[in-house]
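Notes follow the structure.
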Amino acid sequence: MTLTENTALVRPDTAALLPDNDPVRVLETPAAADLDPEDLLRLYRELVLGRRYNEQATALVKQGRLAVYPSSTGQEACQVAAALALSTQDWLFPTYRDTLSVVLRGVDPVQTLTLLRGDWHTGYDPHATRVAPLCTPLATHLPHAVGLAHAARVAGDDVVAMALVGDGGTSEGDFHEALNFAGVWCAPVVFLVQNNGYAISVPLAKQTAAPTLAHKAVGYGVRGVLVDGNDAPAMLGVLTEAVARARAGGGPTLVEALTYRVDAHTNADDATRYRSTAEVEAWRERDPLARLERHLLETGGLDTGTIEEARAAAERMAADLRTRMHVEPAVAPLGLFDHVYAEPTPQLLEQREFLLAELSEDVEGNSSP
Amino acid sequence: MTLTENTALVRPDTAALLPDNDPVRVLETPAAADLDPEDLLRLYRELVLGRRYNEQATALVKQGRLAVYPSSTGQEACQVAAALALSTQDWLFPTYRDTLSVVLRGVDPVQTLTLLRGDWHTGYDPHATRVAPLCTPLATHLPHAVGLAHAARVAGDDVVAMALVGDGGTSEGDFHEALNFAGVWCAPVVFLVQNNGYAISVPLAKQTAAPTLAHKAVGYGVRGVLVDGNDAPAMLGVLTEAVARARAGGGPTLVEALTYRVDAHTNADDATRYRSTAEVEAWRERDPLARLERHLLETGGLDTGTIEEARAAAERMAADLRTRMHVEPAVAPLGLFDHVYAEPTPQLLEQREFLLAELSEDVEGNSSP
Amino acid sequence: MTSVQTSPRVRPAPEDVEESMARALNAALRDSMAADRSVHVLGEDVGALGGVFRVTDGLTAEFGEDRCTDTPLAEAGILGSAIGMCLYGARPVVEMQFDAFAHPAFEQLVGHAAKMRNRTRGAVSLPLTVRVPYGGGIGGVEHHSDSSEAYYTHTPGLHVVTPATVDDAYGLLRQAIASDDPVVFLEPKRLYWGKQPFRRTLDVPPIGRAVVRRPGRDAVLITYGPSLEVCLETAEAAKPLGLDVAVLDLRSLVPLDDETICELVRRTGRAVVVHEATGFGGVGAEIAARITERCFHQLEAPVLRVTGFDIPYPPPKLESHHLPSVDRVLDALARLQWDGRPGGVSLAGA
Amino acid sequence: MTSVQTSPRVRPAPEDVEESMARALNAALRDSMAADRSVHVLGEDVGALGGVFRVTDGLTAEFGEDRCTDTPLAEAGILGSAIGMCLYGARPVVEMQFDAFAHPAFEQLVGHAAKMRNRTRGAVSLPLTVRVPYGGGIGGVEHHSDSSEAYYTHTPGLHVVTPATVDDAYGLLRQAIASDDPVVFLEPKRLYWGKQPFRRTLDVPPIGRAVVRRPGRDAVLITYGPSLEVCLETAEAAKPLGLDVAVLDLRSLVPLDDETICELVRRTGRAVVVHEATGFGGVGAEIAARITERCFHQLEAPVLRVTGFDIPYPPPKLESHHLPSVDRVLDALARLQWDGRPGGVSLAGA
Ligand SMILES: Cc1ncc(C[n+]2csc(CCOP(=O)(O)OP(=O)(O)O)c2C)c(N)n1
Ligand SMILES: Cc1ncc(C[n+]2csc(CCOP(=O)(O)OP(=O)(O)O)c2C)c(N)n1
Ligand SMILES: [Mg+2]
Ligand SMILES: [Mg+2]
């Protein structure tokens, strides 16, 4: 008996796990020419829409219509690819920054923004949309994605879970536990790390000493892939492949997408405190939308008609969003007690009565001269 | 600007991090002949002592002198090497299973066993002994080791921390957070994973899909080493080198030692529920003490006189331990309130009064006819 | 670990078999799993070993590894993946090996399990049971004897349930598993091994209902889980002293049975709350506060508390000084201001 | 995030400069670091950014990265390594970015920070300060407005402190950092920005002492942190109704100033406890329970509580319905059974 027989493990081949140190790129390789033109156009349209969505949401904060908005401007290729790589029956596990991918999954934008508008915590039905609530405590939703994917696999169903997380989130214990469970259970889950270089103000160099975040996969027996997160076709290609692999029983993949958050962390953040304009400008030049547009124009895959069409569609979405977000949502104070439990406890019923009385008094008070 | 400039990270060379899939061995390689005979004899003596200590502690449970004993029988090479690899000023962070290494660091065995005897939680002074309390919640002491090592480095002091953890403990979020902090801070800390194949009943195959536990180092930019944990000279060599590297500013190392827990998890455990006698027997043949003894006898590094001397010393230690552990320790109920805070709160003083009154009544009650 | 015997005080029906609480819990898991394919058990060592307390004994053998699963050693991961399983329609029962080892999963419990239904306006329910062996009295070393119920009861969105009898262990666990809300199911470790008559029936009062384990006119001892035995013994010991003491077993801390509590307090005018956990900010504080709010004019004396001290749980050789004892509860009864009472009762020296 | 103004009610000495609580806390950190080389600040974004609330503004520039350190994003790792730093003689001040984000570190706090001194019989002290911005009223989304103090106060071994004035913010934080025990230092987020006179002095009452912010003969409002303002306003509003209401600012929840609490309750006979956190099992329950235990015969009415409801913290647009308001505290005062009172007070409609 050798020592490694210890564990009765069929240990994965290390070399197969080790990600390249160079990110997957498509736009700058000749291979890009082979891409399906329809897919590229779809990507392009979604990127245009996504950019416009980010702009509109940012404007809505300034207009006091959103409490806060963590923008994904500059990260649209990741957002779009995450949404497009999934099939209908699959699940998405987003963070606060991933409302764009939620919208692109087909969730109504107003419902998607409910959390950030402040009328409720989640505005859509996760079961109906197969989108988990926007998660704020970092990395805590990753075990949920693993559990769901595992349950689906055990049930014999064809469901893949895609979980999004930031570079900072990879430092949390829950990231580790989720990746490890996924590896052991060979769960059909894809972890997409949007490495935008910062966790609020903290640069990646203070976050980890790992060669790349994709290398973290090795310690879980999970496949790791590094990809240029501002290269939309590369993103879609890598994620589509990872989803297909998970679907086929090939287990989880950890995808690190190198991207950049062009805006501040949220509207409340002052990014000049921790990064230079030069850095931001350099990244603007790698803008995922501009890059794909350039590529398509150069390769003849795009004409001005299509560009205008895409922009018009985006404009319609924005106008609709603007209009609907300017309607102050009806909030129902008594609803505070309705869903704490399936049945309100006697204590909650008492508290509901109390609030009801208070609200009635207010109404009376207001109606009296 | 390339994408990887994103982070301003000087990323470590991946190849340098990637551990071998084959454990470091010494006893079965010709290199063993080169080892310093004095070191080998020291190792041998400590192994003999360690084995005897494990036997004695196990006996003490049966005699009702210990509440519980998690034995390190079969893992003595790890225990001995961990203790010997450290210099006086270094710190050890042990778990419940590592009392042997604590004893070999020079802590009084009776004080070491205080937790397991049940008279108090920690029996020795961590500052005086530079040994942290035996840690029960798995992996939660690893960040402590990192913090201490970091503080020492910041202070410019020459101190290395060695933290012990089991294979199961590597799945905890705190393991991840500790390794990541250590990597970022380049902290002088050595993590020794004693992979004894099981976390209570759970075999490694259900614990992780990683190629080896040493591979977990890669995701933290930390060096990983796999070593035959039942090969005492290999253990000592690997740990000594890791400690020296940490001391020299070379950063942390994660060492996975392949070993086996020959006894049950604790006396309360029934190991037959989850592993076969054949498996245990196979591992007994790799017994670290027998292996070194055999090697030393074969290479002429050991004579019967030395063997007897070593055994006699071990016997003296065991006899002393036995005698002292058979003295029922004095426990002081009022001491329950003394160290909750530096100064007891008014509330604790009241509660102390209450217990004092109760104890006095008891005494009166007992003394009355 | 030493076993603490429980005398079969409750419903000693001769036709019933006797069973330990650990076995009753095992039966509840088995019957729930057999009745509902969506019930999954997961945790550390729940498979081949059957759990360190053998509560999951035989479940993997009977239902397979996918239904009763040894997980990696990571409590947040266990609870978090159970939450994800709920999203896919499963009804997971998670085992935390000891009370203190649930703390690494605190964020998952408080940040997610407790909030999921509310944050989704009822769209997502989490039919999740978190089994937590809790309490002391078994000679466990550090981190093996804690009572964390107050953390959970203060967290809206969680039900918190704890049986004190073998029948309740079975009935309440089955109810917990059937519940569409997360239930923290606290199992009093020291009662695992003692045998009591066992009816293996779902017919126990629902979660949210307290049960009077002993009627009494003079005062009521309000308690739960591991302290029920102490209170029953105290009531017995108070009898020769002329006191007729009721004992109320809460069974469910959230929801709390205000109705029954207040009924007994109004009837008796005197109450003592008894639990093992640290007194400061413990469940006893909430109960005492709400009794006073609701029954102020019926109270002959302040509601008193007999609880663990405000100290970390002591080592085995000192735990007897920490835990509520019959003497301490008697002492509290004696301090319930009996002077003005018709007939007068002196418990001095009790 | 909206800023809530605080009017300078406390010690409006004309010679003092006005300062916000965030700046006072910053000054406390700066002065502590200057006075003692062993003081280290660590947390998420505490460096270049100066913390999301700017409380650590400028510290890295002044003291270097080793003294004020941006850590990786992992709360258990932050608190755990701070514990290790203590073992090496450091005096770390940890920042948790928001109350709910301290939950991943719960095990480190409860399992280690709180227990280290006790388990080593005093050999190891942990002079650790854990700063936690807490409470609501700032329009924060989910997980940004929680009040977790009850979890901490129920954990023996932790001090729990919370300032409500700018002077206390400075003085108590300096005391907390100087303390040889772990202190959970709760900073009421909604008071960060309002300015008050600031003396920058260590001469504030010690941790463990409550302060009467307003004297009064008829009833006492007992509160802390973010609710002090509400109570002071209520007391003011009660005056025209004929009630002379005292306001007690606890400042320290552990240790609790039983002496001052009981003195005021004995003097007034009536008390209301006010806090934002969920009422069930909240700090108010403990205070109400112990007042009743200690002052039963001086109480003219039960101790009432005005607290957050037993629900997850609401979204921004509904938080005003959850938080204790002047109206609610007035209402509680009105329910303090004034009928039998000489002179009689009617607060009906208040
Ligand atoms: C557990 C937890 N700790 C802290 C925070 C506060 N916080 C919100 S976003 C953020 C930075 C996240 O960085 P990253 O994961 O890289 O995602 P990004 O915002 O860049 O998309 C922090 C620290 C949080 N939400 N959750
Ligand atoms: C946080 C935590 N969870 C669970 C436990 C219960 N427990 C004690 S030892 C153990 C197995 C540990 O296995 P491993 O890390 O491999 O160490 P070994 O005992 O084999 O030395 C478990 C689950 C614990 N002590 N701490
Ligand atoms: Mg980021
Ligand atoms: Mg092990």
Side-chain angles (χ1 to χ4, degrees), chain A residues 1 3-14 17-19 21-23 25 167 170-177 180-186 195-197 203-213 215-222 228-230 251 258-260 279 282-283 285-286, chain B residues 1 3-14 17-19 21-23 25 167 170-177 180-186 195-197 203-213 215-222 228-230 251 258-260 279 282-283 285-286:
Chain A
M1 147 175 240
L3 271 165
T4 41
E5 278 169 9
N6 183 7
T7 60
L9 252 187
V10 183
R11 294 179 183 264
D13 178 8
T14 317
L17 294 176
L18 209 65
N21 279 317
D22 287 320
R25 289 200 186 91
D167 45 313
T170 64
S171 296
E172 290 281 2
D174 278 19
F175 171 87
H176 176 71
E177 302 190 10
N180 190 45
F181 273 63
V184 171
W185 285 346
C186 202
N195 175 2
N196 59 13
L204 191 64
K206 292 186 181 176
Q207 198 63 251
T208 183
T212 75
L213 295 172
H215 276 81
K216 289 186 184 283
V218 178
Y220 310 107
V222 162
D228 181 341
N230 284 10
L258 290 165
T259 183
Y260 195 78
E279 182 183 295
W283 274 95
E285 276 162 35
R286 304 194 65 79
Chain B
M1 148 176 239
L3 271 165
T4 41
E5 278 168 11
N6 184 5
T7 61
L9 250 188
V10 182
R11 294 181 184 262
D13 178 8
T14 318
L17 294 176
L18 209 64
N21 278 318
D22 288 320
R25 287 200 188 92
D167 46 313
T170 65
S171 296
E172 289 282 3
D174 279 18
F175 171 88
H176 176 71
E177 302 191 8
N180 190 46
F181 273 63
V184 171
W185 286 346
C186 202
N195 175 1
N196 60 13
L204 191 64
K206 293 187 179 173
Q207 199 62 250
T208 184
T212 74
L213 295 173
H215 276 81
K216 290 186 183 282
V218 178
Y220 310 106
V222 162
D228 180 340
N230 285 9
L258 291 165
T259 183
Y260 196 78
E279 182 183 294
W283 274 95
E285 275 163 35
R286 304 195 63 80

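Below, chain A is the first sequence line, B the second, and so on; all start at residue 1.
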Q. Which one, B:His176, B:Glu177, B:Glu172, leads in non-hydrogen pairs under 4.5 Å with chain A?
A. B:His176
Q) Nearest heavy-atom pair of A:Gly219 and B:Ala210: which atoms, and what distance? A) O-CB, 3.2 Å
**Q.** Closest contact, heavy atoms only, B:Pro211 versus A:Leu17
**A.** CG-CD1, 3.6 Å
Q) Which bit of B:Phe181 is near chain A, if near means a heavy-atom gap under 4.5 Å: side chain, backbone, both or neither? A) neither
Q: Please state whether the side chain, the backbone, both or neither of B:Glu285 comes within less than 4.5 Å of a heavy atom of chain A.
A: neither
Q. Roughly how far, to the nearest 0.5 Å, is the OG1 atom of B:Thr14 from the CG atom of A:Asn21?
A. 3.5 Å
Q) Just by distance, do the side chain of A:Asn180 and the backbone of B:Gln207 share a donor-acceptor pair under 3.5 Å? A) yes
Q: Give a yes or no answer on whether the side chain of B:His215 reaches the backbone of A:Gly221 with a donor-acceptor pair at less than 3.5 Å.
A: no
